[in-house]
There are 2 protein chains.
Amino acid sequence: MPPRPHPARDLREACVDQALAIIGDVGVEALSIREVARRLGVSHQAPYKHFASSDHLLAEVVRRTYRQFSEHLEARPRSSHPGEDLKSMGEAYFRFALDHPLHYRLLFGTPLPDPAAHPEMMAEARRAFQLLHEAIGHLKPPAAEEELQLDALFVWATVHGLASILQTAALDQIGLDKVVLAEALPHALHRIGKALAP
Amino acid sequence: MPPRPHPARDLREACVDQALAIIGDVGVEALSIREVARRLGVSHQAPYKHFASSDHLLAEVVRRTYRQFSEHLEARPRSSHPGEDLKSMGEAYFRFALDHPLHYRLLFGTPLPDPAAHPEMMAEARRAFQLLHEAIGHLKPPAAEEELQLDALFVWATVHGLASILQTAALDQIGLDKVVLAEALPHALHRIGKALAP
DNA sequence: ATAAATGGTTGACACTGTCTACCTTTCCCG
DNA sequence: CGGGAAAGGTAGACAGTGTCAACCATTTAT
């Protein structure tokens with residue numbers, strides 16, 4: 001076997017890239033350290049020089065995916081009207097979930113590596129929630145922190161729940177109209193608006 | 001090995017029971033045909049006489065879990081006031097999710113076996129959704145079917161989303177108040193009430 | 001009575017994560 | 001310098017998984 005076709009430091013990066021590619025193509029259940037190594041043309045043990053276990057690789061992949069998610073949310077079209085801005089955020093959230101279903105499911109649909117063991121992963125997760133928190137904070141300035149958090153949870157739950165439900169393969173079998181599916185998000189955002197109205 | 005300690009027909013039942021037990025104890029990722037066989041003291045191939053593949057075992061387990069879920073929802077305290085009744089349903093839904101987190105995650109949190117290949121599984125799933133649909137149907141009698149479905153989706157998404165989020169191990173790390181966590185469902189149900197008010 | 005179907009058995013294969021041991025290359029320090 | 005340690009790659013082994021194939025006993029049907 002050729003001694004070392006890949007410059008040393010880059011193997012870690014390359015592993016993460018391949019892992020992301022595999023997840024995007026086939027889903028997280030197809031991810032395995034050996035498959036990553038195979039695709040990179042290195043031995044099945046090489047990745048272990050950079051990740052203590054397959055969970056550590058996964059944690060790093062999750063961390064990056066959270067970051068991409070946050071960046072996607074931050075790149076949404078902004079509006080000075082707080083209600084409009086929250087709506088725009090909901091749409092951005094939703095679009096990410098639909099455009100990258102397998103990555104989204106990685107964040108919210110499959111058991112993550114133990115959070116306590118992977119603080120960097122959780123730091124990125126917190127950042128994403130922070131964005132939602134802020135957007136809702138602008139909605140009604142003088143609200144108590146507690147109610148603010150409760151409303152943030154409410155909005156998050158609805159949008160996440162919808163994204164999660166619409167991705168269930170089971171859904172086709174439940175017999176909902178196509179129109180209903182297409183309107184589901186706007187309708188939910190409308191309901192949220194009504195629920196949060198003063 | 002003793003020839004056949006288990007009466008023939010019962011092995012299928014016993015497999016499903018063991019699978020449910022494993023999932024309830026350790027979660028669906030620990031479920032394996034071989035582990036089921038081991039616990040039952042039969043050879044690793046015995047279950048294959050009753051299930052074509054591990055997915056078929058899983059599908060049967062999922063089907064039963066859906067049924068238990070529906071039965072749990074139907075056993076909720078009823079109210080003649082439609083708004084109250086919907087609330088009661090939300091609470092029952094939520095309680096199931098919190099009391100049987102691993103079973104709930106089986107239904108809504110992990111990829112299911114291909115729905116097209118397991119119609120009996122989906123029939124049970126549909127029944128559960130039907131219950132929600134009905135409860136909302138009583139809410140405002142003369143609504144268009146389309147809006148009714150949209151509202152059903154909205155309510156489902158919120159309650160499911162909340163249950164799903166509150167179970168994320170990640171949650172501890174996000175730094176929400178205990179009070180907020182305890183109040184999350186009542187608050188969400190209150191918001192839903194406001195959103196659906198005429 | 002004999003043939004078929006049913007429900008069990010063992011053995012094998014390919015795949016997974018992970019442990020251990022080994023071999024190179026690089027780099028730092030006495 | 002020169003030599004040892006550390007980094008980063010290798011191969012081999014082991015236990016675990018799902019699943020295929022072959023085989024065997026019992027029950028059932030023709």
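Just so it is clear, the values below take in all heavy atoms, side chains as well, and ignore hydrogens, waters and symmetry mates. Note on naming: letters A, B, ... go to the chains in the order of the sequence lines (proteins, then strands), and numbering restarts at 1 for each one.
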For this session: Let me know the distance between CD of A/Glu29 and C1' of D/dG18, rounded to the nearest Å.
Result: 16 Å

Exercise. In whole angstrom, what separates A/Phe51's CZ from D/dG8's P?
Worked result: 12 Å

Exercise. Counting only side-chain N and O atoms of B/Ser43, is one of them less than 4.0 Å from OP1 or OP2 of C/dG8?
Worked result: no

Problem set entry | Pair B/Glu91 + B/Arg95: basic N to acidic O under 4.0 Å | no

For this session: Indicate, with yes or no, if the rings of A/His118 and A/His56 have centres closer together than 6.0 Å.
Result: yes

For this session: Write down the distance between CD1 (B/Ile33) and P (C/dT9), rounded to a whole number of angstrom.
Result: 14 Å

For this session: May I ask you to decide if the ring planes of B/Trp156 and B/Phe129 are parallel, tilted or perpendicular, using 30° and 60° as cut-offs?
Result: tilted

For this session: Measure from the side chain of B/Ala46, starting at C-beta and using heavy atoms only, and say which of C/dG8, D/dG18, D/dC20 lies closest.
Result: C/dG8

For this session: Please determine, for the side chain of B/Gln45, which listed nucleotide (C/dG8, D/dG8, D/dT19) has the closest atom?
Result: D/dT19

For this session: Round to a whole Å and report the spacing from CZ of A/Arg12 to P of D/dG9.
Result: 12 Å

For this session: May I ask you to verify if any side-chain N or O of A/Ser54 is less than 4.0 angstrom from the OP1 or OP2 atom of C/dT18?
Result: yes

Exercise. Roughly, in whole Å, what's the span from CG in A/Leu11 to P in D/dG8?
Worked result: 9 Å

Problem set entry | For A/Ala116 against A/Pro119, the heavy-atom pair lying closest together | O-CD, 3.9 Å

Exercise. Which nucleotide, C/dT9, D/dA13, D/dA11, lies nearest any side-chain atom of A/Arg34?
Worked result: D/dA13

Exercise. Closest nucleotide of DNA chain C for A/Ala52 versus for A/Arg38: which of these residues is on the 5' side?
Worked result: A/Arg38

Exercise. Has B/Tyr48 got a side-chain N or O lying under 4.0 Å from the OP1 or OP2 atom of D/dT19?
Worked result: yes

Exercise. Aromatic rings A/Phe69 and A/Tyr104: how do their planes relate, parallel, tilted or perpendicular, breaks at 30° and 60°?
Worked result: perpendicular

Exercise. Roughly how many Å is it from CD in A/Glu35 to P in C/dG17, rounded to a whole number?
Worked result: 10 Å

Seminar exercise, completed: Testing C/dG8, D/dG18, D/dA11 for proximity to the side chain of B/His50, the answer is C/dG8

Problem set entry | Interatomic distance, A/Asp10 CG vs D/dG8 C1' [rounded to whole Å] | 13 Å

Exercise. Can you tell me how far P of C/dA14 sits from NE2 of A/His44, to the nearest Å?
Worked result: 16 Å

